[in-house]
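Please read the structure below before turning to the comments.
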Amino acid sequence: MRKEDIMREAISLADDNVRNGGGPFGAVIVKDGKVVATGVNRVTANNDPTAHAEVSAIRNACKKLKTFDLSGCEIYSSCEPCPMCLGAIYWSRIKKIYYGNSKADAKDIGFDDSFIYDELALPYGQRHVAMERLLGDEAIATFNEWKSKPDKTEY
């Protein structure tokens, strides 16, 4: 399949999703030139703020391939990924992102993620969502156990 054809599929998924009560976002994950999985934005339809197209596609691809490591895969998204989706893409080890609409295009229709980028640059005490470390001296025991576990699966 050509890149343009795959992107058209992501755009078509977004179009169909808008007509079916979802957000205007679609994503396709490809490995070795073949579609592995797709996803659409179902945030409001499912009452799930993490149900973005890219995250849904990643979940579907991991389930289908029976792995958490999508090395060798590419993702085609109808829109430039938001910070959450970008994080998920990095964690899944997808090697390349193709996108249609830009984050500026998304902002123009009310999907503005710039506040998240702005928040991450602020010290904890200045963020809109309060953060407080609690029981760090107790929580570290779990990390120490993980660190010394000989049979762990690294990720």
Side-chain angles (χ1 to χ4, degrees), residues 1-124 126-133 139 142-143 146 152-155:
M1 292 181 81
R2 296 176 345 147
K3 292 187 292 189
E4 293 81 4
D5 295 329
I6 301 167
M7 181 57 75
R8 285 188 184 99
E9 184 173 344
I11 294 166
S12 178
L13 287 165
D15 287 341
D16 290 345
N17 199 48
V18 168
R19 293 182 195 103
N20 290 298
F25 305 96
V28 177
I29 294 180
V30 173
K31 185 169 187 175
D32 300 325
K34 296 179 183 164
V35 173
V36 173
T38 64
V40 293
N41 181 289
R42 301 302 290 171
V43 170
T44 57
N46 294 355
N47 294 315
D48 179 355
T50 68
H52 288 203
E54 297 91 338
V55 171
S56 297
I58 288 168
R59 289 174 180 158
N60 292 337
C62 289
K63 186 175 183 179
K64 182 173 182 179
L65 297 174
K66 296 180 171 83
T67 182
F68 58 84
D69 184 345
L70 298 179
S71 294
C73 292
E74 300 173 333
I75 190 165
Y76 292 74
S77 178
S78 63
C79 185
E80 185 174 355
C82 75
M84 177 184 68
C85 293
L86 193 56
I89 290 165
Y90 273 90
W91 279 113
S92 69
R93 298 185 180 104
I94 287 173
K95 69 177 183 177
K96 187 160 186 179
I97 303 166
Y98 296 94
Y99 64 93
N101 292 310
S102 70
K103 60 185 175 183
D105 297 328
K107 180 179 180 178
D108 288 344
I109 63 163
F111 292 93
D112 184 8
D113 298 323
S114 61
F115 75 96
I116 297 172
Y117 292 107
D118 294 344
E119 283 283 305
L120 292 174
L122 294 173
Y124 293 154
Q126 295 178 18
R127 294 181 182 177
H128 287 87
V129 176
M131 290 181 66
E132 178 182 342
R133 187 169 186 193
T142 307
F143 277 13
W146 171 260
K152 64 183 171 251
T153 300
E154 298 279 354
Y155 61 99

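FYI, side chains are in, hydrogens and waters are out, and symmetry mates aren't considered; it's all heavy atoms of this structure. Just so it is clear, the structure is predicted and the values come from calculations on it, not from any experiment.
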Just wondering, do [Y] and [X] contact through their side chains at under 4.5 Å, heavy atoms?
| X | Y | result |
| --- | --- | --- |
| Arg2 | Arg8 | yes |
| Glu132 | Tyr124 | no |
| Leu86 | Ile97 | yes |
| Arg59 | Thr50 | yes |
| Pro24 | Ile109 | yes |
| Lys3 | Glu74 | no |
| Ser56 | Val40 | no |

Can you tell me how far the [atom1] atom of [X] sits from the [atom2] atom of [Y], to the nearest 0.5 Å?
| X | Y | atom1 | atom2 | answer |
| --- | --- | --- | --- | --- |
| Tyr155 | Arg93 | OH | CZ | 10.5 Å |
| Asn101 | Ile11 | CG | CD1 | 7.0 Å |
| Asn60 | Leu65 | CG | CG | 10.5 Å |
| Phe115 | Arg127 | CZ | CZ | 12.5 Å |
| Met1 | Glu4 | CE | CD | 11.0 Å |

Pairs where residues 14-56 contributes a residue and the test ring pair (Phe, Tyr, Trp, His ring centres under 6.0 Å) is met, not counting sequence neighbours:
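Matches after skipping sequence neighbours: Phe25-Phe111.
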Counting only heavy atoms from other residues, nucleotides and ligands, does the tally under 6.0 Å from OH of Tyr98 exceed 12?
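Enclosed.
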Heavy atoms of other groups near Phe68 CZ, more than 12 under 6.0 Å
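More than 12 heavy atoms, drawn from other residues, nucleotides or ligands, come within 6.0 Å of this atom.
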Smallest separation among heavy atoms of [X] and [Y], with atom names:
| X | Y | answer |
| --- | --- | --- |
| Lys64 | Val36 | CD-O, 3.1 Å |
| Gly21 | Ala45 | O-CB, 3.9 Å |
| Cys73 | Ile29 | CB-CG2, 3.9 Å |
| Cys79 | Glu54 | O-OE2, 3.5 Å |
| Ala37 | Ala57 | CB-O, 3.7 Å |
| Ile94 | Ile75 | CG2-N, 3.8 Å |

Going by side-chain contact (heavy atoms from CB on, under 4.5 Å), Tyr76 matches just one of Asp5, Leu13, Val35, Ile6. Which one?
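The residue from Asp5, Leu13, Val35, Ile6 that satisfies side-chain contact (heavy atoms from CB on, under 4.5 Å) with Tyr76 turns out to be Ile6.
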Using modelled atom types and a 3.5 Å cut-off, is there a donor and acceptor pairing between side-chain atoms of Ser102 and backbone atoms of Asp105?
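Side chain of Ser102 to backbone of Asp105: a pair is present.
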With a 3.5 Å distance limit and no angle check, can you tell me whether Ser78 reaches the backbone of Gly26 through a side-chain donor-acceptor pair?
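Yes; at least one donor-acceptor contact below 3.5 Å.
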So which pairs with a foot in residues 26-47 pass side chain to side chain donor-acceptor pair (under 3.5 Å), sequence neighbours left out?
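For residues 26-47: Asn17-Arg42.
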Decide whether Asp15 and Ser12 meet the rule of one side-chain donor and one side-chain acceptor closer than 3.5 Å.
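Distance-only check fails for Asp15 and Ser12.
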Hey, are Asp112 and Ser114 close enough side-chain-wise for a donor-acceptor pair under 3.5 Å?
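Yes, side-chain donor-acceptor contact under 3.5 Å.
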